[in-house]
2 protein chains.
Amino acid sequence: MKYLLQSLKIVVPDGLSIKDPESSDLGKKIVGESISLIHELGFESFTFKKLGERIGSNESSIYRYFENKHMLLLYLASWYWGWTEYKLVFFTNHISEPKEKLVKALEVLSGEIFQDKNFSHINEVSLHNIMIKEYSKSYLTKEVDSENKEGYFTVYKRLVIRLKEMIEELNPSYPFSLSLASTVVEGVFHQQFLKDHFPTITDCDKKLSATTFFKSLVFNCLNVTE
Amino acid sequence: MKYLLQSLKIVVPDGLSIKDPESSDLGKKIVGESISLIHELGFESFTFKKLGERIGSNESSIYRYFENKHMLLLYLASWYWGWTEYKLVFFTNHISEPKEKLVKALEVLSGEIFQDKNFSHINEVSLHNIMIKEYSKSYLTKEVDSENKEGYFTVYKRLVIRLKEMIEELNPSYPFSLSLASTVVEGVFHQQFLKDHFPTITDCDKKLSATTFFKSLVFNCLNVTE
DNA sequence: ACAAATATAATAGTATTACTATCATATTAG
DNA sequence: CTAATATGATAGTAATACTATTATATTTGT
């Protein structure tokens with residue numbers, strides 16, 4: 001994306017970080033480098049100690065920003081969904097025709113990811129890659145209900161609901177708009193994962209994109225010709 | 001399910017366990033009680049030490065059956081998919097009409113789970129519950145490609161392919177049968193999770209089942225009236 | 001410019017985890 | 001009835017996931 005908006009900040013729910021990482025250089029380095037280190041090691045092997053070594057800083061300093069690595073993952077995920085929501089609104093807001101709007105929405109959600117110059121400390125391409133592999137670990141926990149009450153998943157849920165509204169606008173009589181929306185948002189990650197690791201159980205590859213599949217899926221469900 | 005088949009054994013890929021847990025009482029206790037303990041504590045907090053205490057046995061004895069808890073999870077998952085595949089074949093094999101066959105398949109995959117008396121040491125209802133929360137953790141790892149090469153996910157992939165074949169039979173010209181099948185298998189777990197934890201982003205609840213949603217989804221995609 | 005507040009770094013310490021190794025004892029099989 | 005095998009008990013290790021304390025920078029307000 002072009003550098004259009006000078007001072008833009010993705011707002012994440014309160015409580016995910018002890019101290020706002022965007023308020024300091026160290027904070028930005030923690031967030032920026034955690035993405036590349038989680039990508040390298042996988043979330044299980046990623047530790048604050050290793051991150052400290054990587055950024056030439058101390059483990060204890062990182063603990064002043066995030067309670068633990070789970071909270072950091074929740075933060076990264078909320079940032080990602082906030083960023084995706086912003087793209088969704090940015091690229092669909094001007095479109096009034098419901099079908100065209102939904103097409104664009106599905107393209108934003110399932111299309112290729114590009115570096116966004118508005119947020120230079122975050123590599124969105126890497127972040128997207130770790131979301132595919134790690135996002136579900138952020139909610140498949142024993143604490144999901146209490147953390148949901150704290151509002152840690154609001155951005156994600158809001159995005160699903162935005163998609164649901166676009167679905168509803170196109171076909172108000174379709175009775176499963178919420179489930180379709182949540183299936184698409186989650187299914188996009190899943191198909192992208194399968195493409196890279198279990199290619200024998202997906203049709204998505206270089207030729208046939210996830211976008212094509214999900215457009216077809218959604219419009220079939222809504223009885224709208226593509 | 002009724003106790004129909006006396007000596008039935010779900011076959012899981014070789015290498016998941018060091019020693020076949022079905023070959024001894026201790027092994028069966030490890031598998032049976034691990035399901036209830038993972039359900040209680042969540043996979044992250046579950047340890048072999050705690051399992052040992054629970055079954056009145058020693059940590060070191062459990063290590064003689066499974067290399068670590070990840071391998072145990074892979075074992076449980078393969079068992080679950082093997083059992084699901086067996087139900088799928090059992091309940092659809094006699095049906096020759098493609099649409100009726102696919103309806104039954106979707107009902108088996110997304111319908112309520114009942115205790116299966118053929119396998120008394122395993123509580124399938126609990127196992128299904130831990131699969132919803134923990135299954136994706138078994139493949140969202142750094143080691144997924146090497147473990148896939150070892151064949152640890154064959155049962156899962158085979159089930160998806162079976163569903164794909166039923167989809168194909170009903171509409172051979174549908175170009176995304178594999179992706180649709182994998183989306184359904186994964187989406188079923190996801191919708192069931194949302195129902196319990198994020199009810200605001202799913203339509204599935206007591207009144208409206210996941211089965212209804214996925215039947216509608218699949219038949220819409222295949223242009224078949226329900 | 002300087003004191004006070006704040007941020008970061010360095011070090012140490014703890015309970016738990018995820019094992020491995022060894023040896024003892026119980027059970028089963030030939 | 002001996003030998004093999006399965007299980008149990010205990011100990012030990014490196015790493016993890018922190019907490020606490022103290023020291024040293026850096027920033028801020030006056």
Side-chain angles (χ1 to χ4, degrees), chain A residues 15-34 37-38 40-76 121 134 137-138 140-143 146-147 152, chain B residues 15-34 37-38 40-76 121 134 137-138 140-143 146-147 152:
Chain A
L16 293 180
S17 60
I18 296 165
K19 183 195 293 191
D20 181 7
E22 306 229 340
S23 69
S24 74
D25 280 356
L26 179 62
K28 281 182 206 148
K29 247 193 334 196
I30 289 171
V31 168
E33 289 299 309
S34 71
L37 196 58
I38 291 172
E40 249 174 63
L41 305 175
F43 189 65
E44 280 67 41
S45 300
F46 166 86
T47 68
F48 279 1
K49 194 170 183 193
K50 290 172 187 168
L51 178 59
E53 278 157 27
R54 164 73 64 107
I55 63 178
S57 178
N58 200 276
E59 194 189 2
S60 60
S61 304
I62 300 167
Y63 275 106
R64 285 202 197 83
Y65 284 87
F66 295 100
E67 221 178 301
N68 50 48
K69 68 178 182 175
H70 171 68
M71 296 305 281
L72 170 60
L73 181 61
L74 287 176
Y75 177 91
L76 293 175
H121 66 298
E134 321 294 356
K137 295 171 195 168
S138 78
L140 295 174
T141 65
K142 268 283 146 187
E143 297 76 30
S146 62
E147 292 181 351
Y152 298 166
Chain B
L16 292 180
S17 61
I18 297 165
K19 183 195 293 190
D20 181 8
E22 306 229 339
S23 70
S24 72
D25 279 357
L26 179 62
K28 280 181 207 148
K29 245 190 340 195
I30 289 171
V31 169
E33 289 299 308
S34 72
L37 196 58
I38 291 172
E40 248 173 64
L41 305 175
F43 188 65
E44 280 67 39
S45 301
F46 166 86
T47 68
F48 279 1
K49 194 170 183 191
K50 291 171 187 169
L51 179 58
E53 277 156 29
R54 164 74 64 107
I55 64 178
S57 179
N58 199 277
E59 196 188 1
S60 59
S61 303
I62 300 168
Y63 276 105
R64 287 201 193 88
Y65 284 86
F66 295 100
E67 221 178 300
N68 50 47
K69 69 177 181 175
H70 171 68
M71 296 305 281
L72 170 60
L73 181 61
L74 287 176
Y75 177 92
L76 293 175
H121 67 298
E134 320 294 357
K137 296 171 194 168
S138 79
L140 296 174
T141 66
K142 269 282 147 186
E143 297 76 31
S146 61
E147 290 180 352
Y152 298 166

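The nearest whole Å value for the distance from the CG atom in A:Leu51 to the P atom in D:dA15 is 19 Å. Atoms CZ (A:Arg64) and P (D:dC18) sit 15 Å apart, rounded to a whole Å. For A:Phe66 and D:dA17, the CZ to P distance is 16 Å, given to the nearest whole Å. Atoms CD1 (B:Ile55) and P (D:dT7) sit 10 Å apart, rounded to a whole Å. Atom CD1 of A:Ile18 is separated from atom P of C:dT6 by 17 Å (rounded to the nearest Å). Rounded to whole Å, the distance from CG on A:Leu72 to C1' on D:dC18 is 15 Å. Computed from coordinates, the B:Leu26 CG to D:dG8 C1' distance equals 10 Å when rounded to whole Å. In this entry the distance linking CG of A:Asn58 with C1' of C:dT8 reads 8 Å, nearest Å.
Under 4.0 angstrom from either OP1 or OP2 of D:dT7 there lies at least one side-chain N or O belonging to B:Tyr65. Between B:Ser24 and C:dT27 there is no side-chain polar atom (N or O) within less than 4.0 angstrom of OP1 or OP2.
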Determine, for nucleotides 12-19 of chain C in 5'-to-3' order, which nucleotides have protein heavy atoms under 4.0 Å from the base (write B), from only the sugar-phosphate (write S), or from neither (write -).
-----SSB
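Here B:Ile30 contributes atom CD1 and B:Asp25 contributes atom CG; the two are 11.0 Å apart, rounded to the nearest 0.5 Å. Taken from OG in A:Ser61 to CG in A:Leu51, the straight-line distance is 10.5 Å, to the nearest 0.5 Å.
B:Ser60 comes within 4.0 angstrom of a base, heavy atoms only. Across all strands shown, A:Ser57 has heavy atoms under 4.0 Å from sugar-phosphate atoms exclusively, and none from any base.
B:Lys50 places no side-chain N or O within donor-acceptor distance of the main-chain N or O of B:Leu37, the cut-off being under 3.5 Å.
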Give the intermediate values and the outcome of side chain to side chain donor-acceptor pair (under 3.5 Å) for residues A:Tyr152 and A:Ser138.
CA-CA 10 Å; A:Tyr152 298 166; A:Ser138 78; over 6 Å; no
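When all heavy atoms of A:Ile18 and A:Phe66 are compared, the pair lying nearest together is CD1-C, 3.9 Å. Between B:Met71 and B:Leu16 the shortest heavy-atom distance is CB-O, 3.6 Å.
The aromatic rings of A:Phe43 and A:Phe46 lie parallel to each other, with less than 30° between the two planes, well short of the 60° mark.
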